[in-house]
Number of protein chains: 2
Amino acid sequence: MRPRKANSREKILAAAADVAREAGPGSLSLEAVASRAGVSKGGLLYNFPTKAKLMQGLVENYLSDFRKALEARAAEAGHESVLSAYIKLSADDCERPKPSATWMFSAIAEDPDFLTPIKAFKHQLLERLKGETSDLGSLLICFVAIEGLRSMNLFDSDVLSEDEHKLLVTSLLKIAG
Amino acid sequence: MRPRKANSREKILAAAADVAREAGPGSLSLEAVASRAGVSKGGLLYNFPTKAKLMQGLVENYLSDFRKALEARAAEAGHESVLSAYIKLSADDCERPKPSATWMFSAIAEDPDFLTPIKAFKHQLLERLKGETSDLGSLLICFVAIEGLRSMNLFDSDVLSEDEHKLLVTSLLKIAG
DNA sequence: CTTACTGTACCGGCTGGACGGTCTTGTCAA
DNA sequence: TTGACAAGACCGTCCAGCCGGTACAGTAAG
């Protein structure tokens with residue numbers, strides 16, 4: 001069974017994301033995270049014995065959230081394809097003004113391999129989408145375009161206005177079929 | 001004998017990119033760069049008085065190379081638009097198996113603001129492309145798709161096969177008009 | 001030609017601070 | 001009492017930036 005105060009883990013994960021976002025990915029230290037989470041360093045190290053484990057936790061948390069969100073969207077009525085669900089989900093994710101996954105940069109700095117599960121997931125997702133359509137060209141465009149949207153959000157590049165963002169999404173949904 | 005006329009600056013810049021790529025963005029230390037460049041720490045600090053200056057140098061070097069390459073492509077015969085030149089340039093850049101700009105992660109870790117010039121350039125580029133076409137929707141798709149391609153290359157995500165890469169590029173060129 | 005001076009390019013040891021991880025010492029619920 | 005969990009002082013390591021040197025090129029007076 002999980003510890004009695006199971007919320008410490010999640011608080012720490014959230015705190016880590018906050019610190020990376022607000023203080024910069026290079027300032028993600030154990031002390032900063034602990035302090036932000038309202039926990040001592042020892043407490044943090046108890047939940048995540050190593051910084052690597054913390055990064056891993058961040059990645060796993062991110063992936064499970066992503067999976068859930070995508071499944072929820074895909075199950076909604078009005079989506080004729082997983083691709084359109086993916087597009088809409090990503091559009092919403094990237095509409096939030098502030099990037100939420102800056103911690104990825106910290107993880108990469110620590111060890112680029114931390115992102116392997118995410119790459120694997122993306123690959124898996126693309127395979128799934130391939131089975132859904134016969135127009136591979138359009139699928140690839142949509143897939144890469146979403147990747148671009150997400151990366152622009154991650155890098156905090158606000159080169160697209162709100163109107164452009166909306167136009168982009170409707171255009172993508174159109175060619176997605 | 002030490003090369004008296006050696007252009008250490010460029011050697012250092014190249015070495016920094018190499019170190020970030022091979023040892024990981026988190027291992028970009030001044031000593032590592034100096035050693036890789038065949039220069040002492042003091043020599044490095046002589047050319048770049050601060051780590052921040054080194055990052056800045058990396059960004060400026062990257063941008064000037066990018067500008068030159070784009071202008072060269074655009075000037076080539078057979079390009080009816082800057083957009084198609086941009087697409088082809090990016091396709092070629094991303095075909096190289098190894099990411100070449102991993103140092104960006106180091107720069108972000110140091111201070112996210114280092115990438116501001118790059119964002120500005122991208123914004124400027126988009127404005128330029130806007131003046132070229134009347135189909136804003138297609139332009140936006142191409143633009144973010146390229147962004148996606150580049151980010152996938154940067155993250156070393158090889159989710160697309162070679163054939164898929166080619167199909168994507170031809171599809172993009174088609175909707176680019 | 002030679003000696004003395006000046007500025008440039010580079011060297012490498014040092015240090016102060018930050019950070020990850022360990023260890024000892026609590027604390028509190030059952 | 002006990003054992004899961006938390007606290008934070010402490011230690012070893014790493015690194016950016018500093019500083020006092022070295023080597024050499026140019027110049028120009030003697």
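Lettering follows sequence order; numbering is per chain, from 1. The basis for the numbers below is simple: all heavy atoms, side chains too, and nothing from hydrogens, waters or symmetry mates.
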Original post:
A:Phe105 vs B:Phe105 aromatic rings, parallel, tilted or perpendicular, using cut-offs 30° and 60°?
Top reply: tilted

Original post:
How many Å lie between CD on B:Glu10 and P on C:dA9, as a whole number?
Top reply: 14 Å

Subject >> A:Arg67/A:Glu60 ion pair, N-O < 4.0 Å >> reply: no

**OP:** Using whole Å, report how far CZ of B:Arg9 lies from C1' of C:dT8.
**Re:** 16 Å

Original post:
How close or far is atom C1' of C:dA18 from atom CG of A:Leu28, stated in whole angstroms?
Top reply: 15 Å

Original post:
Is any side-chain N of the basic residue among A:Arg73 and A:Asp92 closer than 4.0 Å to the acidic one's carboxylate O?
Top reply: yes

Original post:
Would you say C:dC10 has OP1 or OP2 under 4.0 Å from some side-chain N or O of B:Tyr46?
Top reply: no

Might you list the N or O atoms of the protein lying below 3.5 Å from N or O atoms in nucleotides 21-25 of chain C, with each pair's distance?
| from | atom 1 | to | atom 2 | distance (Å) |
| --- | --- | --- | --- | --- |
| C:dG21 | OP1 | A:Thr50 | OG1 | 3.4 |
| C:dG21 | OP2 | A:Lys51 | N | 2.7 |
| C:dG21 | N7 | A:Lys41 | NZ | 2.9 |
| C:dG21 | O6 | A:Lys41 | NZ | 2.4 |

Original post:
Taking the side chain of A:Asn47 as its heavy atoms from C-beta onward, which of C:dC10, D:dA6, C:dC19 lies nearest to it?
Top reply: D:dA6

Original post:
Which distance, rounded to the nearest 0.5 Å, do you find between the CD of B:Glu110 and the OG1 of B:Thr50?
Top reply: 8.5 Å

Original post:
Looking at B:Lys130 and B:Glu127, does any basic side-chain N land under 4.0 Å from a carboxylate oxygen?
Top reply: yes

**OP:** Would you mind reading off the distance between A:Leu44 atom CG and D:dC5 atom P, rounded to a whole angstrom?
**Re:** 15 Å

Original post:
Does a donor on one side chain sit under 3.5 Å from an acceptor on the other, for B:Ser100 and B:Arg21?
Top reply: no

Original post:
Has A:Ser8 got a side-chain N or O lying under 4.0 Å from the OP1 or OP2 atom of D:dA6?
Top reply: yes

Original post:
What nucleic acid atoms does B:Leu54 come within less than 4.0 Å of, heavy atoms only: base, sugar-phosphate, or nothing?
Top reply: nothing

